[in-house]
Amino acid sequence: MATIRSCVRKMTGYVPGGSAKDPRTIKLNQNENRYPPSPQVAEAIQSAMMQLNRYPDSASLSLRRAAAEMYGVTVEEVMATNGSDEMLLLFFRCCCSPGDEAVGFYPGYTYYATLAAMNDVRYRLIELTDEFRLPKRLNPGDAKLVFLANPHAPTGTLFPEGDVRRLIESIPDGLVVIDEAYADFSGATVIPLLRDYPNLAVVRTFSKGYALAGLRVGLGFARKEILEQFEKVRDFYNLDRLAQAGAEAALRDREWLRKTTAKVIASRERTAEGIARLGFKVYASASNFIFFRSSGDVEAERIFASLLRRNIMVRHFRDRKVSDCLRVSVGTDDDMDAFLDGLARAKEEAD
Ligand SMILES: *Cc1c(COP(=O)(O)O)cnc(C)c1O
């Protein structure tokens, strides 16, 4: 034990949303995409399989070219990583020394805190307003890193570009990381702001919009001077051949993305109305999930348990400011009908 760093011994590991044992479970707890990925992905992976005897391209150049083209940046301004998780880890490994501070927002994505802990970095939270908006007073102090998911998780809130600018300008000596894991559903991105700000980085993932959570591919966007350094630190063969080929095919099939996100958004709006009709407070979502508030912790807990008995998994954060809230991922229309039906019954039982 003495050989294990104390920051590692002290930390608690990240607990993800949890997988389902029963294949009939309607799994609406991890914001995965319920639609299969583009058929072009399977085709590309199939042909890449014939070359598995060869090491992959360490630079993921072909994938990065496709991403650069799509997002209007140069190849040097984008890097490809093993899920966006690897990209998020690189910020800590490249920007922080033990004892440094990183800042996030509360409520927010808790994985940033786990990454901070394992790198012996202090992690401080700034509270969002009661409506989950960016507060007027931002105090990033001397943080090396600031993380903001936009659209936000777990609330689904879309922060306007002006908010992002205000955040970046509030911390000229630190790097602001905008985590756009759900931006395929909002259509809004701050990648073009890289031209205005050297201290901005943007992270994207193929896990949500592109329905490729199982493939593990993410993208990081920042100025060339930053990514040059990151490239030295990442795993040398961080993306295998199948991941590179699959992700590139996914990026190039824009029609699939357009159709699938349109379906998800239509189901989201319909479901949000259904939840509101049952008397819950629903927060506006620009993502593929809905965050809503019940009348209290006890009701939220009961609804969560009641849905689970009906084999429907949602997420309940047993956490100070949001312990009365539930989050449901947007699945197919059939999933959402089953969910709304289960929610109505659960509410009757809980009342
Ligand atoms: C899902 C999610 C990610 C994780 O993306 P991976 O690419 O699967 O690692 C990152 N950030 C937020 C806010 C997410 O919700």
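Numbering starts at 1 and runs along the sequence shown. Each ligand, and each atom within it, is numbered from 1 in the order the structure gives.
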*Asks:* Passes side-chain contact (heavy atoms from CB on, under 4.5 Å), Tyr283 versus Thr155? Steps please.
*Replies:* CA-CA 7 Å; Tyr283 293 93; Thr155 62; 5.5 Å; no
*Asks:* Under 4.5 Å between side-chain heavy atoms, chaining through other members, with only Ile, Leu, Val, Met, Phe, Trp and Tyr counted: pull out the rest of the cluster around Val75, sorted by chain and number.
*Replies:* Leu61
*Asks:* Please give the N or O to N or O pairs under 3.5 Å between ligand 1 and the protein, distances rounded to 0.1 Å.
*Replies:*
| unit_1 | atom_1 | unit_2 | atom_2 | d |
| --- | --- | --- | --- | --- |
| ligand 1 | 5 (O) | Ser84 | OG | 2.9 |
| ligand 1 | 7 (O) | Ser84 | N | 2.7 |
| ligand 1 | 7 (O) | Ser84 | OG | 3.0 |
| ligand 1 | 7 (O) | Thr205 | OG1 | 2.5 |
| ligand 1 | 7 (O) | Ser207 | OG | 3.3 |
| ligand 1 | 8 (O) | Ser207 | OG | 2.6 |
| ligand 1 | 8 (O) | Arg216 | NH1 | 2.8 |
| ligand 1 | 8 (O) | Arg216 | NH2 | 3.4 |
| ligand 1 | 9 (O) | Ser84 | N | 3.4 |
| ligand 1 | 9 (O) | Ser84 | OG | 3.4 |
| ligand 1 | 9 (O) | Asp85 | N | 3.3 |
| ligand 1 | 9 (O) | Asp85 | OD1 | 2.6 |
| ligand 1 | 9 (O) | Asp85 | OD2 | 3.3 |
| ligand 1 | 9 (O) | Arg216 | NH2 | 2.9 |
| ligand 1 | 11 (N) | Asp179 | OD1 | 3.4 |
| ligand 1 | 11 (N) | Asp179 | OD2 | 2.6 |
| ligand 1 | 15 (O) | Tyr182 | OH | 2.6 |
| ligand 1 | 15 (O) | Lys208 | NZ | 3.1 |

*Asks:* Are any non-hydrogen side-chain atoms of Arg133 and Thr157 less than 4.5 angstrom apart?
*Replies:* yes
*Asks:* Going by side chain to side chain contact (heavy atoms under 4.5 Å, CB included), name the residues that satisfy it together with Asp333, two or more places apart in sequence or in a different chain.
*Replies:* Ser267, Arg270
*Asks:* Taking the six-membered ring of Phe185, is NZ or CZ of Lys208 closer than 6.0 Å to its centre and within 45° of its axis?
*Replies:* no
*Asks:* Test of understanding: with salt bridge (Lys or Arg N to Asp or Glu O under 4.0 Å), list the residues that count as partners of Glu161, not counting sequence neighbours.
*Replies:* Arg165
